[in-house]
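First listed ligand is number 1; within each ligand, the first listed atom is number 1. All values derive from a computational prediction rather than experimental measurement.
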Amino acid sequence: MIDFKSDFPLILSPMEAITNKPFRKICKRYGADILITEFISSDALLREVEQSIVKMSFDEEERPLGIQIFGNNEESLTLATKIAEREKPDFIDINWGCPVKKIAGKGCGSGILNDIPRMVKLTETVVKATNIPVTVKTRLGYTENSKPIVEVAERLQDVGIQAISIHGRTRSQMYKGQADWTLIGEVKNNQRMIIPVFGNGDIDSAEKVIEYKNRYGVDGILIGRASIGNPFIFQQAKELLENKTPTPISIEEKVMVCKEHFEGLIALRGEKNAIFEMRKNYSGYFKGLRDFKPFRLQLVSTTNQTEIHEIFNRILEAY
Ligand SMILES: Cc1cc2nc3c(=O)[nH]c(=O)nc-3n(C[C@H](O)[C@H](O)[C@H](O)COP(=O)(O)O)c2cc1C
């Protein structure tokens with residue numbers, strides 16, 4: 001069984017259309033300790049929507065891995081839990097954090113933060129539906145005036161979740177402003193909390209992992225946006241955690257990993273989708289290269305696989 005209490009895990013924060021299998025595997029190799037799938041709609045799972053089934057699949061080498069589900073009613077969450085359980089993930093993570101209108105507006109994701117008793121009840125339903133550990137990822141609260149996360153975390157612990165990940169923003173904040181970690185720290189310091197408390201939000205460098213670990217005392221940290229096109233952040237944070245100097249990543253290595261990512265996406269999603277989806281990653285992979293803009297423009301405008309490889313080669317020649 002997964003030990004969430006093991007040495008300060010670095011967790012790849014789940015991201016729709018980003019943390020798919022090829023990218024997860026790369027992050028794992030660079031030191032991510034725990035992986036989580038993209039969020040999967042429980043209703044879509046019940047309807048056996050092909051894409052949702054694909055999103056659940058993972059390879060043994062990715063363990064420990066959680067399948068993340070979202071939903072808004074007992075029946076679909078229970079059935080989705082049973083379906084996810086068949087894949088034998090190490091844990092099932094409930095998404096009570098997504099702020100996007102089409103999700104939260106239906107009472108899924110962070111929409112549930114409007115109705116804490118219901119959040120607790122639905123979470124209990126999922127816990128009771130499976131023998132696999134259940135975790136929750138959520139936010140501080142629904143609005144600036146209501147941030148009940150300390151009480152929420154206790155109540156979720158009481159119904160049997162095994163760990164909680166907290167993004168230091170409210171639903172109404174979406175992704176604006178800064179993540180407020182003080183409340184995450186309060187949850188962690190609450191004497192009643194026994195389960196691991198993982199912090200999330202705005203960790204944009206390996207140094208910040210160490211700084212926030214020390215400042216807020218959390219049991220682990222999730223890294224989201226800063227890992228896009230930058231799986232190396234896990235390695236660098238790991239090195240800092242071990243009091244080592246982070247190894248610089250050469251351009252050769254970046255191009256190699258970027259190619260591997262692209263090929264993996266082609267295998268998973270087909271050439272056309274992969275070319276399109278890769279576009280979100282290039283800024284991350286090639287951040288900081290001087291006069292990179294023309295290369296980036298070429299990468300995000302071509303629809304041809306061979307041409308993309310040629311651009312990669314030109315990048316290698318130029319830097
Ligand atoms: C493109 C994108 C997709 C996301 N998809 C998910 C998701 O499927 N499940 C989830 O729990 N959070 C999702 N999130 C939220 C992230 O996991 C994370 O909580 C948030 O980005 C804050 O962390 P960061 O500042 O390290 O990025 C997503 C965020 C982004 C930017």
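Using a 4.0 Å heavy-atom cutoff, Tyr175 is listed among the residues neighbouring ligand 1.
The contact set between ligand 1 and Arg225, taken as ligand atoms under 4.0 Å from a residue heavy atom, comprises 21 (O), 24 (P), 25 (O), 26 (O), 27 (O), 31 (C). Each of the atoms 23 (O), 25 (O) of ligand 1 lies under 4.0 Å from some heavy atom of Gly201. Listed by number with element, the atoms of ligand 1 under 4.0 Å from a non-hydrogen atom of Lys137 are 10 (C), 11 (O), 12 (N), 15 (C), 16 (C), 17 (O), 18 (C), 19 (O). Per-residue contacts place Asn95 under 4.0 angstrom from the following atoms of ligand 1 (heavy atoms of the residue considered): 9 (N), 10 (C), 11 (O).
Residues Lys55 and Glu16 are paired through a salt bridge, judged by an N-O separation under 4.0 Å between the basic side chain and the carboxylate. Salt-bridge check for Asp90 with Arg63: passed, with a basic side-chain N closer than 4.0 Å to an acidic carboxylate O. Here Asp59 pairs with Lys21 in a salt bridge; the nearest charged N to carboxylate O distance falls below 4.0 Å. Comment: Glu260 engages Arg29 in a salt bridge, judged by a side-chain N to carboxylate O separation of less than 4.0 angstrom. Ion pairing of Asp204 with Arg225 is absent here, as no side-chain N (NZ or NE/NH1/NH2) approaches a carboxylate O to less than 4.0 Å. A salt bridge links Lys238 with Asp33: the distance from a Lys NZ or Arg NE/NH1/NH2 to an Asp or Glu carboxylate oxygen falls below 4.0 Å.
The shortest contact between atom 14 (N) of ligand 1 and any protein heavy atom is with Pro14 O, 3.3 Å. Atom 30 (C) of ligand 1 has as its closest protein heavy atom Met15 CG, 3.9 Å. For atom 19 (O) of ligand 1, the nearest protein heavy atom (residue, atom name, distance) is Asn200 OD1, 2.6 Å. For atom 9 (N) of ligand 1, the nearest protein heavy atom (residue, atom name, distance) is Gln68 OE1, 2.8 Å. At the top of the distance list for atom 1 (C) of ligand 1, counting protein heavy atoms only, stands Glu16 O, 4.2 Å.
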Worked check of side chain to side chain contact (heavy atoms under 4.5 Å, CB included) between Leu77 and Phe70: CA-CA 7 Å; Leu77 278 167; Phe70 70 91; over 6 Å; no
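Polar contact check, Gly224 against ligand 1: a nitrogen or oxygen pair lies under 3.5 Å apart. Residue Phe39 has at least one N or O atom closer than 3.5 Å to an N or O atom of ligand 1. Of the polar atoms of Ala226, none of the N or O atoms is found under 3.5 Å from an N or O of ligand 1, judged by distance alone.
The backbone N or O of Trp96 lies less than 3.5 Å from no partner atom in the side chain of Arg139, so there is not a single donor-acceptor pair. Checking side-chain atoms of Gln157 against main-chain N and O of Arg192 turns up a donor-acceptor pair under 3.5 Å.
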